[in-house]
Amino acid sequence: MNAHSSPSSPLSVAFSAPAPLAGRVRVPGDKSISHRSLMLSALAVGESVVEGLLEGEDVLATAAAMRAMGATITRGDDGRWRIHGVGVGGLLQPQTALDMGNSGTSTRLLMGLIASHPITATFVGDASLSKRPMGRVTDPLGLMGAEFTTSPGGRLPLTMRGICPAVPIEYRLPVASAQVKSAILLAGLNAPGITRVIEPVPTRDHSERMLRGFGANLTVEEAADGTRTISIHGEAELKPQAITVPGDPSSAAFPVVAALLVPGSDVTVENVGLNPTRAGLYEVLRAMGGDIRFTDERVVGGEPVADLVVRHSTLRGIEVPPAIVPSMVDEFPILFVAAAFAEGRTVMRGLEELRVKESDRIAVMAEGLRAIGARVEELEDGLIIDGTGGTPLAGGATVAAHLDHRIAMSFAVAGLVSKDPVIIDDMSPVATSFPGFAAMLASLGAESRPVEA
């Protein structure tokens with residue numbers, strides 16, 4: 001299959017698994033860390049080198065935007081990316097609109113970067129991204145002095161005008177969001193004084209770790225009730241770095257769940273980032289009875305990393321604690337699939353965030369799971385799924401992925417444990433985060449074939 005088919009030519013693919021999955025695989029580099037490594041390298045003075053960068057469309061959109069604002073970014077034949085930065089405060093006026101494709105992360109974080117620079121930028125995106133509300137980022141950045149002209153509903157296309165000097169703020173996040181937190185901290189890099197973000201519920205902390213690694217003066221205070229206050233001192237000078245990007249735990253979720261579900265499977269997923277703010281899925285799968293072992297545990301560039309050894313397991317339904325949601329918010333689509341094959345009932349609540357992702361992931365997953373024979377009850381803030389106890393689902397249906405890469409990959413995994421193949425109407429969006437997804441599954445023994453639309 002061609003991972004780079006354009007959205008204008010839907011790529012329907014059927015997935016099945018005729019035998020146990022076995023082997024060792026690597027997944028693409030962590031998307032969150034890849035975005036941030038490009039952005040912060042572009043704000044450092046000197047050359048940074050990044051290994052293991054995720055070369056999916058979302059991250060390439062970030063690279064193109066940083067080039068448009070003055071950074072020199074090249075990929076060598078050795079696979080290493082070299083970035084010559086412009087320094088904090090040194091971003092240049094882009095000459096054309098910044099095309100974000102499908103990347104909400106690029107859009108929200110770049111708004112933060114630009115907010116404290118005296119430049120104007122227009123953001124455009126694909127049909128899916130253009131449906132996603134941006135108000136949760138434009139509101140705090142507006143308090144810092146940036147101005148926004150948005151499409152109806154606070155959506156893309158939008159034009160923003162940054163300001164220098166920006167106003168440092170203290171902002172309490174109304175909803176747990178690493179992207180909003182990161183946007184404010186990135187704006188604070190070039191604002192005088194101290195910018196503070198208060199998060200009542202901890203979210204992924206890649207920005208904090210990497211900002212410190214590049215030399216920013218950043219502190220984190222944690223109160224007894226778990227509230228975190230992150231303070232960044234502005235007008236920073238960032239120093240170039242050598243960065244090795246670990247494998248993305250969100251991408252690793254797909255081969256891990258596939259191995260748990262396909263009888264007889266034994267799969268090792270190498271070099272997976274296990275930052276505790278991102279690894280909630282593995283905790284939940286283990287609580288459900290999943291045989292997942294962490295081996296060769298190590299720390300790479302301030303991030304914990306391990307190889308995951310996964311064997312087929314009989315999963316049990318559980319009630320997923322809402323407190324764990326921020327550490328696995330992107331992994332719920334594939335957890336819904338795991339729950340459909342568990343023994344008993346799995347209850348997942350506190351997932352309102354999923355309704356404003358690339359698609360309404362609660363509604364879309366419920367619809368698709370029912371189409372292949374699962375028993376699903378949709379709630380306003382989640383799903384209740386009564387599993388089969390390991391019995392294959394009927395499958396045999398075509399599922400609409402709604403231009404959402406995680407939906408597409410989740411139903412591909414469901415196809416591996418269904419009586420008849422599951423057809424995904426369009427696999428092309430998978431190129432945003434996991435360009436070699438079908439090839440990775442094939443290397444473990446799964447089968448996929450294009451289907452005429």
Side-chain angles (χ1 to χ4, degrees), residues 1-17 27-28 31 54-61 99-106 124-132 156 248 250-251 253-255 257-258 330-334 336-337 340 354-374 393-418 420-442 446-453:
M1 67 181 266
N2 175 9
H4 293 285
S5 293
S6 71
S8 60
S9 55
L11 185 67
S12 296
V13 181
F15 286 85
S16 57
V27 296
K31 189 158 67 151
L54 166 62
E55 296 181 5
E57 291 171 359
D58 283 13
V59 174
L60 298 181
D99 187 349
M100 298 290 97
N102 187 241
S103 182
T105 304
S106 303
V124 298
D126 68 8
S128 170
L129 182 61
S130 298
K131 293 176 184 171
R132 299 175 69 180
L156 268 51
D248 193 311
S250 299
S251 297
F254 300 101
V257 170
D330 286 333
E331 286 73 71
F332 273 97
I334 191 62
F336 295 158
V337 171
L354 268 62
R355 293 208 182 266
V356 292
K357 289 288 188 177
E358 282 84 336
S359 66
D360 178 341
R361 287 179 173 164
I362 293 174
V364 170
M365 286 300 300
E367 177 188 18
L369 285 168
R370 287 193 194 105
I372 61 173
L393 289 170
T398 296
V399 173
H402 292 266
L403 299 176
D404 188 327
H405 56 130
R406 297 200 198 282
I407 301 290
M409 289 186 281
S410 296
F411 281 109
V413 171
L416 307 185
V417 270
S418 297
D420 292 315
V422 172
I423 301 166
I424 292 85
D425 71 334
D426 189 4
M427 286 297 291
S428 57
V430 170
T432 65
S433 66
F434 202 149
F437 174 75
M440 178 274 300
L441 284 183
E447 292 185 354
S448 63
R449 58 181 173 79
V451 177
E452 289 298 322

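Everything numeric in this text was worked out from a predicted model, so none of it was measured. Positions are given from 1 along the sequence.
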Side chain to side chain contact (heavy atoms under 4.5 Å, CB included) between V124 and L156, intermediate numbers included
CA-CA 6 Å; V124 298; L156 268 51; 5.7 Å; no
Could you check V399 against E367 for side chain to side chain contact (heavy atoms under 4.5 Å, CB included), going step by step and ending with a plain yes or no?
CA-CA 8 Å; V399 173; E367 177 188 18; over 6 Å; no
Given salt bridge (charged side-chain N to carboxylate O under 4.0 Å, His left out), test E358 with K131 step by step and report yes or no.
CA-CA 8 Å; E358 282 84 336; K131 293 176 184 171; over 6 Å; no
Audit row: M365, R406, side chain to side chain contact (heavy atoms under 4.5 Å, CB included) steps and yes/no:
CA-CA 10 Å; M365 286 300 300; R406 297 200 198 282; over 6 Å; no
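Between the NE2 atom of H405 and the CD atom of E57 there is a distance of 10.5 Å, given to the nearest 0.5 Å. To the nearest 0.5 angstrom, F254 atom CZ is 4.0 Å from M409 atom CE. A distance of 11.0 Å separates CG of D425 from CD1 of I407, quoted to the nearest 0.5 Å. Between S410 atom OG and I424 atom CD1 the span is 9.5 Å, to the nearest 0.5 Å. Considering CG of D360 and CG of L354, their distance stands at 8.0 Å, rounded to 0.5 Å. Atom CZ of F15 is separated from atom CG of L441 by 6.5 Å, given to the nearest 0.5 angstrom.
For the side-chain hydrogen bond (donor to acceptor under 3.5 Å, both in side chains) test, residues two or more places apart in sequence or in another chain that qualify with N102 are D126, S128.
The closest side-chain heavy-atom distance from P435 to V430 is not below 4.5 Å. Looking at I334 and V413, their side chains come closer than 4.5 Å, going by heavy atoms from C-beta outward. Residues V13 and I423 form no side-chain contact, since every pair of their non-hydrogen atoms from C-beta on lies 4.5 Å or further apart.
Classification of the F434-F437 ring pair by plane angle, with boundaries at 30° and 60°, yields perpendicular.
A400 approaches V364 most closely through the heavy-atom pair O-CG1, 3.8 Å. In terms of heavy atoms, A253 sits closest to E331 at CB-CG, 4.1 Å. The minimum heavy-atom distance between A340 and A374, with the atom names listed, is CB-CB, 4.1 Å. Minimum interatomic distance between A414 and I372 (heavy atoms only, all atoms of both residues): CB-CD1, 3.8 Å. Shown here for A397 and A371, the closest heavy-atom pair between the two residues is CB-O, 3.5 Å. Counting all heavy atoms, side chain and backbone alike, S16 lies closest to L416 at O-CD2, 3.4 Å.
Judged by distance alone, with hydrogens and angles left aside, the side-chain atoms of D426 form a donor-acceptor pair with the main-chain N or O of L11 at under 3.5 Å. Although no hydrogens or angles enter the test, the distance criterion places a donor-acceptor pair under 3.5 Å between the side chain of S103 and the main chain of S106.
When each of D248, D58, T432 is paired with K31, the side-chain hydrogen bond (donor to acceptor under 3.5 Å, both in side chains) condition holds for D58 and for no other.
Electrostatic pairing of D404 and R361 counts as a salt bridge here, judged by a charged N lying under 4.0 Å from a carboxylate O.
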